[in-house]
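Computed from a prediction, not measured in an experiment: that's the story for all the values here. FYI, the numbering just counts along the sequence from 1.
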Amino acid sequence: MKHGAHYLHCYHSMLTQADRIRKGPEAIAGNYVIIAPDNSDLYIAIVHLQLDSIVVEEGQNISEGEYLANCGNSGNSTQPHIHIQAMDSLDFSKTQGVPLYFREFFQWNKGESEPKTRVKAFPDANTVISPK
């Protein structure tokens with residue numbers, strides 16, 4: 001993500017699984033924020049956030065590392081986690097995902113106790129990652 005960005009949109013919901021499916025992709029995402037990085041025509045969605053934990057307001061300028069919300073399991077999720085996705089549209093039903101790499105992060109491969117530092121990379125499948 002680029003250094004300058006602004007918080008664009010959020011959604012708060014508490015629905016049953018059947019309700020989420022009927023309401024479509026936005027409800028499946030649960031509670032989310034969408035970030036519009038400066039100088040880009042792409043968006044970053046962070047979904048499955050904890051209900052009532054979003055602390056930024058629509059249109060607010062945000063900075064790298066700023067606290068946005070708590071990890072949760074809203075939407076179509078049974079365990080707390082964060083789903084992050086780069087996309088080309090604000091419309092979840094029409095958007096296309098685009099590759100998203102991270103500047104620097106730790107990655108734990110299955111069966112390894114020590115993380116590897118990854119730089120300007122995509123996380124490998126079936127791994128756990130965290131910020132460096």
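- At least one donor-acceptor pair closer than 3.5 Å links the side chain of Ser53 to the backbone N or O of Gln50.
- Closest approach of Ser74 to Leu49, counting heavy atoms only: OG-O, 2.7 Å.
- The side-chain heavy atoms of Thr117 and Glu104, taken from C-beta on, include a pair separated by under 4.5 Å.
- Val128 places none of its side-chain heavy atoms less than 4.5 Å from the side chain of Lys110.
- For the atom pair CG of Leu42 and CD of Gln85, the computed distance is 11.5 Å after rounding to the nearest 0.5 Å.
- Under the 4.5 Å side-chain criterion, counting only non-hydrogen atoms from C-beta, Glu64 is in contact with Arg103.
- Atom CD of Glu114 sits about 10.0 Å away from atom CZ of Phe106, to the nearest 0.5 Å.
- Taking every heavy atom of both residues into account, Pro99 and Ala86 meet most closely at O-CB, 4.4 Å.
- Looking only at side-chain heavy atoms (C-beta outward), Trp108 and Ile129 stay at 4.5 Å or farther from each other.
- In this structure, Pro131 and Phe105 have side chains that are not in contact, with every pair of non-hydrogen atoms separated by 4.5 Å or more.
- Between Asp91 and Ser89, the side chains place no donor N or O within less than 3.5 Å of an acceptor N or O (distance only, hydrogens not considered).
- A donor atom on one side chain and an acceptor atom on the other are found under 3.5 Å apart for Thr95 and Asp88.
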Please tabulate, for side-chain N and O atoms in residues 118-126, each donor-acceptor pair with protein atoms closer than 3.5 Å (sequence neighbours left out).
residue, atom, partner, partner atom, Å
Arg118, NH1, Gln107, OE1, 2.9
Arg118, NH1, Asp124, OD2, 3.3
Arg118, NH2, Phe122, O, 3.4
Asp124, OD2, Gln107, NE2, 2.9

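- Counting only heavy atoms from C-beta outward, the side chains of Asn73 and His48 never approach each other to under 4.5 Å.
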Show the numbers, then the answer: is there a side-chain contact (heavy atoms from CB on, under 4.5 Å) between Ile44 and Met87?
CA-CA 6 Å; Ile44 307 295; Met87 53 194 198; over 6 Å; no
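- Considering Ile82, Ile62, Ile54 as possible partners of Leu68, the one that fulfils the side chain to side chain contact (heavy atoms under 4.5 Å, CB included) test is Ile62.
- The side-chain heavy atoms of Leu90 and Tyr43, taken from C-beta on, include a pair separated by under 4.5 Å.
- One finds the NE2 atom of His83 at 13.0 Å from the SG atom of Cys71 (value rounded to the nearest 0.5 Å).
- The heavy-atom pair separating Glu112 from Lys116 by the smallest distance is OE1-CE, 3.7 Å.
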